[in-house]
Amino acid sequence: MNKKIISRVNVLADYIIKTKSTIREIAKKYGISKSTVHKDLTERLKEIDFARYQEVEKIFQKHLEIRHIKGGESTKNKYLMIKET
């Protein structure tokens with residue numbers, strides 16, 4: 001694996017562990033695609049540092065658990081904004 005890719009994977013892993021950000025937020029911050037972030041943190045990180053991969057997986061699991069709640073809140077806010085106008 002390329003040193004540049006390994007460096008990027010480590011930076012992304014450090015960031016998600018520190019901030020608990022979503023894949024979309026990380027992709028936007030670093031100016032890369034969501035699929036690149038996902039591949040870096042699921043496949044490549046597993047090869048580079050398995051212990052950190054396990055930490056990131058716990059964060060991903062938490063995001064999956066609350067996804068339906070965040071979606072419902074977004075929809076509610078959308079329709080409240082429409083009703084106000």
Side-chain angles (χ1 to χ4, degrees):
M1 200 177 310
N2 183 325
K3 288 182 182 181
K4 184 178 176 183
I5 293 173
I6 292 172
S7 175
R8 182 183 69 216
V9 170
N10 286 323
V11 167
L12 296 176
D14 289 341
Y15 186 75
I16 194 169
I17 290 168
K18 185 176 114 184
T19 64
K20 311 288 191 255
S21 297
T22 64
I23 289 177
R24 286 176 188 251
E25 293 167 342
I26 295 169
K28 189 173 184 179
K29 175 170 176 43
Y30 288 97
I32 54 180
S33 71
K34 294 180 296 184
S35 46
T36 300
V37 173
H38 188 267
K39 184 169 184 139
D40 284 351
L41 293 177
T42 56
E43 296 176 21
R44 294 179 177 136
L45 183 60
K46 193 174 189 177
E47 295 175 19
I48 296 169
D49 187 345
F50 191 73
R52 286 173 58 205
Y53 164 78
Q54 290 177 315
E55 289 181 59
V56 170
E57 274 300 302
K58 288 178 186 174
I59 295 167
F60 284 163
Q61 283 300 90
K62 185 68 175 170
H63 289 169
L64 285 173
E65 290 171 8
I66 63 172
R67 178 174 59 187
H68 68 284
I69 296 168
K70 290 178 77 174
E73 289 173 355
S74 295
T75 302
K76 178 182 174 183
N77 290 336
K78 173 185 171 183
Y79 286 107
L80 285 174
M81 292 296 288
I82 291 172
K83 188 176 181 179
E84 289 176 1
T85 57

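As a basis for the values below, the full set of heavy atoms in this structure was taken, side chains included, without hydrogen atoms, waters or symmetry mates.
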Got a donor-acceptor contact below 3.5 angstrom from the Thr19 side chain to the Tyr15 backbone? yes

Report the C-alpha separation of Arg8 and Thr36 in whole Å, then their side-chain angles, then the decisive distance to 0.1 Å, and conclude whether the side-chain contact (heavy atoms from CB on, under 4.5 Å) test is met. CA-CA 10 Å; Arg8 182 183 69 216; Thr36 300; 3.7 Å; yes

Do Glu47 and Val9 make a side-chain contact, defined as non-hydrogen atoms from C-beta onward lying under 4.5 Å apart? no

I'd like to know whether CE of Met81 has more than 12 heavy-atom contacts from other residues, nucleotides or ligands below 6.0 angstrom. no

Shared ILVMFWY cluster between Leu41 and Ile66, side chains joined below 4.5 angstrom? no

Can you tell me how far apart CG (Leu45) and CD1 (Ile16) are? Round to the nearest 0.5 Å. 9.5 Å

Nearest 0.5 angstrom please: Leu80 CG to Thr75 OG1, how far? 11.0 Å

Taking all non-hydrogen atoms of both residues into account, name the closest pair between Ile6 and Met1 and its distance. CD1-O, 3.7 Å

Nearest 0.5 Å, what's the CD1-CG distance between Ile26 and Leu12? 6.5 Å

Kindly compute the distance separating CD1 (Ile17) from CZ (Arg52), expressed to the nearest 0.5 Å. 5.5 Å

Step through the shown structure and confirm whether more than 12 heavy atoms of other residues, nucleotides or ligands are within 6.0 Å of NZ on Lys20. yes

CA sep, side-chain torsions, deciding dist, call: His63, Ile23, side-chain contact (heavy atoms from CB on, under 4.5 Å): CA-CA 10 Å; His63 289 169; Ile23 289 177; over 6 Å; no

Parallel, tilted or perpendicular: which one describes the rings of His38 and Phe60, with boundaries at 30° and 60°? parallel

Value for NZ (Lys28) from OG (Ser21), rounded to nearest 0.5 Å, stands at 12.0 Å

Any donor-acceptor N/O pair, Glu25 side chain to Thr22 backbone, under 3.5 Å: yes

Do Asp14 and Lys18 come close enough that some side-chain heavy atom pair is under 4.5 Å? no

At what distance, to the nearest 0.5 angstrom, does OH of Tyr79 lie from NZ of Lys83? 13.5 Å

